[in-house]
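Here is the structure we will look at, set down as structure tokens.
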Amino acid sequence: MALLGDKEFFKGIGEIKYEGKNSDNPMAFKFYNPDQVVAGKTMREHFKFAVAYWHTLCGTGGDPFGPGTKVFPWSTASDPIKAAEDKADAAFEFITKMGFDYYCFHDHDLVDEGATLAESEKRVQKTVEYLKQKQEASGVKLLWGTANCFSNPRYMNGAASNPNFDVVARAGAQIKIALDATIALGGENYVFWGGREGYMSLLNTDMKLEQDNIGRFLNMAKDYARSQGFKGVFFIEPKPMEPTKHQYDFDAATSINSLRAYGLENDFKLNIEVNHATLAQHTFQHELQVAANAGMLGSIDANRGDYQNGWDTDQFPNNVMETAEAMLVFLKSGGLQGGGVNFDAKTRRNSTDLEDIFHAHIGGADTFARALLIANAVLENSPYQSLLDNRYSSFAKGKGSEFAQGKLSLMDLYDYAGKNGEPEQISGKQELFENILNQYS
């Protein structure tokens with residue numbers, strides 16, 4: 001039963017159920033069956049789907065060329081606390097009707113920022129108390145919280161990387177409040193997204209100082225949260241550009257290196273976003289694999305970009321084949337460490353009906369579920385893994401095995417190559433691998 005507030009915002013829409021791929025009901029899941037067991041876990045456990053407060057409840061369709069096109073019925077109150085409560089009512093009605101278990105937020109997605117830091121903190125605290133009631137009544141949980149330290153003009157030159165210490169301190173205070181809110185709501189994780197932590201020109205930038213300051217800042221935030229009893233995982237969300245020309249958390253590899261450089265690798269993992277991966281000229285699956293190789297595959301922002309558009313369009317995922325490749329990495333690496341799959345995606349500017357929000361999330365969940373089923377079938381029923389193992393079989397025996405175990409020197413390689421002659425040319429069989437994936441889709 002959906003949890004309602006004083007009034008129903010999504011009228012005429014009931015709980016979204018799984019009806020199978022042959023259903024023609026647009027308000028039903030075709031592939032996402034939360035109780036279906038795949039590779040030892042239910043889909044619900046694999047994905048931990050979360051609704052993103054900022055897009056679903058706050059995204060009114062504005063873009064760089066025009067204002068929003070959507071007026072939400074939960075955004076009409078003039079009093080900021082009443083508006084925050086209306087938004088929470090709408091959020092929990094939507095989440096429970098979707099049958100999801102989680103949500104996530106930036107601090108000022110929940111309630112508008114006040115004129116002073118003290119006023120902002122008071123507003124957040126009041127809203128948190130209301131959200132506690134909503135969580136208790138519904139069973140919905142907080143996947144993670146974060147702070148918006150990029151939208152306010154004070155952060156035009158960054159937050160932790162800002163050249164003005166006063167701004168760095170203000171960012172620290174804001175993140176302290178956001179951490180308190182996350183902890184109070186039982187948040188399972190906390191995310192740092194450096195929306196403007198980078199530079200536009202090296203001419204006016206001390207890169208080393210800025211990066212060192214970010215490292216100091218993250219350690220302070222981590223230490224504070226741990227002192228308050230926070231047991232969850234901290235996530236860094238890589239992004240290569242936009243709004244800054246070059247951001248310090250450019251991609252998974254860059255972010256992992258930074259975490260290690262500042263001694264944060266034991267407390268932090270990565271939150272990988274699909275659209276950020278493609279903006280970095282990588283694939284989603286590449287970024288997942290880099291994070292998994294480092295033991296830092298923590299969480300996922302599920303969306304996609306537009307292939308003809310070079311900016312962060314945050315569209316809902318619908319490319320089954322690309323997602324299936326990502327789910328191969330997901331399953332082979334044992335899934336996510338602490339996080340879940342949150343829909344950091346927004347309905348299009350011209351999708352102005354409230355029911356469109358349901359269609360979008362249904363499609364996104366079905367895309368991930370269908371991709372998971374395909375990946376699992378490939379791993380269980382096809383020759384995929386044996387073909388992959390065979391491609392690297394030379395490292396499982398003889399001198400190749402000794403090399404893999406670190407037992408050979410460069411002179412050993414020299415001697416072996418001299419005796420072995422010209423290596424055999426061995427096909428990579430890429431087309432066969434692609435055909436196998438296609439066969440199970």
Side-chain angles (χ1 to χ4, degrees), residues 48-54 57 80-81 84-85 87-88 91-92 95 100-114 117-150 159-160 168-195 214 216-237 259 263-271 296 298-299 301 336-340 342 344:
K48 295 170 67 174
F49 283 135
V51 171
Y53 228 91
W54 54 99
L57 284 304
I81 301 302
E85 291 176 353
K87 191 187 298 184
F92 279 78
I95 296 165
F100 293 160
D101 298 318
Y102 290 93
Y103 71 109
C104 47
F105 62 75
H106 300 85
D107 48 0
H108 295 303
D109 300 330
L110 301 180
V111 62
D112 289 346
E113 189 170 5
L117 181 66
E119 176 60 26
S120 293
E121 183 171 20
K122 184 184 300 183
R123 290 183 181 185
V124 169
Q125 290 172 340
K126 286 184 178 179
T127 305
V128 163
E129 290 306 310
Y130 192 74
L131 288 170
K132 284 182 182 178
Q133 300 174 40
K134 306 297 290 187
Q135 289 185 188
E136 184 177 352
S138 66
V140 172
K141 295 166 282 190
L142 177 62
L143 184 63
W144 51 258
T146 188
N148 181 339
C149 291
F150 48 86
V168 175
R170 180 61 180 264
Q174 185 175 338
I175 286 176
K176 184 265 186 192
I177 295 167
L179 281 166
D180 289 342
T182 300
I183 294 168
L185 291 168
E188 296 183 8
N189 311 278
Y190 187 86
V191 173
F192 292 89
W193 181 64
I214 292 173
R216 277 186 279 268
F217 191 99
L218 292 177
N219 269 292
M220 288 177 182
K222 177 260 295 181
D223 290 344
Y224 172 77
R226 295 294 188 229
S227 75
Q228 300 303 302
F230 180 66
K231 305 293 186 185
V233 182
F234 299 98
F235 296 138
I236 291 290
E237 182 174 326
L259 291 173
L264 295 162
E265 67 274 16
N266 294 326
D267 292 275
F268 281 72
K269 300 188 187 302
L270 300 189
N271 183 74
M296 291 188 183
S299 196
D301 275 10
L336 302 174
Q337 298 181 35
N342 77 85
D344 180 15

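- In this structure, the side chains of L131 and Y103 come closer than 4.5 Å at one or more pairs of heavy atoms.
- Not one N or O on the side chain of R123 forms a donor-acceptor pair closer than 3.5 Å with the backbone of I81.
- Inter-residue side-chain proximity for S120 and H108 is flagged as met; some heavy-atom pair is nearer than 4.5 Å.
- The heavy-atom pair separating T127 from A84 by the smallest distance is OG1-CB, 3.7 Å.
- Scored by the side chain to side chain contact (heavy atoms under 4.5 Å, CB included) test, A178 finds D107, A147, Y190 as partners (sequence neighbours excluded).
- Here salt bridge (charged side-chain N to carboxylate O under 4.0 Å, His left out) pairs that include residues 178-188, with residues two or more places apart or in two chains, are K48-E188, K176-D180.
- Remark: W193 CH2 to N148 CG distance equals 8.0 Å, nearest 0.5 Å.
- The two residues F217 and A171 make their nearest non-hydrogen contact at CZ-C, 3.8 Å.
- One finds the CG atom of L336 at 11.0 Å from the NZ atom of K269 (value rounded to the nearest 0.5 Å).
- Counting heavy atoms from C-beta outward, Y224 and M220 have side chains that stay 4.5 Å or more apart.
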Exercise. Take L117 and R170, measure what side-chain contact (heavy atoms from CB on, under 4.5 Å) needs, and give me the verdict at the end.
Key: CA-CA 8 Å; L117 181 66; R170 180 61 180 264; 3.6 Å; yes

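- Atoms CG and OG1, on L142 and T182 in that order, are 6.0 Å from each other to the nearest 0.5 Å.
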Quiz item: After noting the C-alpha distance and the side-chain angles of D344 and E237, does the key distance pass the side-chain contact (heavy atoms from CB on, under 4.5 Å) rule?
Solution: CA-CA 12 Å; D344 180 15; E237 182 174 326; 4.3 Å; yes

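- Of the options N342, I236, V233, a side chain to side chain contact (heavy atoms under 4.5 Å, CB included) to N271 is made by N342 and by none of the others.
- One finds a salt bridge joining K132 and E129 here, because a Lys/Arg side-chain nitrogen approaches an Asp/Glu carboxylate oxygen to under 4.0 Å.
- For the residue pair F234 and A225, the shortest heavy atom distance occurs at CZ-CB, 3.6 Å.
- Under the 3.5 Å distance criterion, the side-chain polar atoms of N189 are matched with a main-chain donor or acceptor of L143.
- The CG atom of L264 sits 11.5 Å away from atom CD1 of I214, with the distance rounded to the nearest 0.5 Å.
- Residue F230 comes nearest to G187 through the heavy atom pair CE1-O, 3.5 Å, listed as atom of the first residue, atom of the second, then distance.
- In this structure, W54 and H106 have perpendicular ring planes: the angle between them is above 60°, well past the 30° mark.
- Within the structure, salt bridge (charged side-chain N to carboxylate O under 4.0 Å, His left out) contacts touching residues 218-235 (residues at least two apart or in different chains) are R226-D267.
- Under the 4.5 Å side-chain criterion, counting only non-hydrogen atoms from C-beta, L179 is not in contact with Q228.
- Counting all heavy atoms, side chain and backbone alike, A181 lies closest to V128 at CB-CG2, 3.6 Å.
- Judged by distance alone, the side chain of Q135 and the main-chain N or O of L185 form a donor-acceptor pair under 3.5 Å.
- Residues F235 and T146 fail the side-chain proximity criterion, which asks for heavy atoms closer than 4.5 Å.
- Residues S299 and W144 come closest through the heavy atom pair OG-NE1, 4.1 Å.
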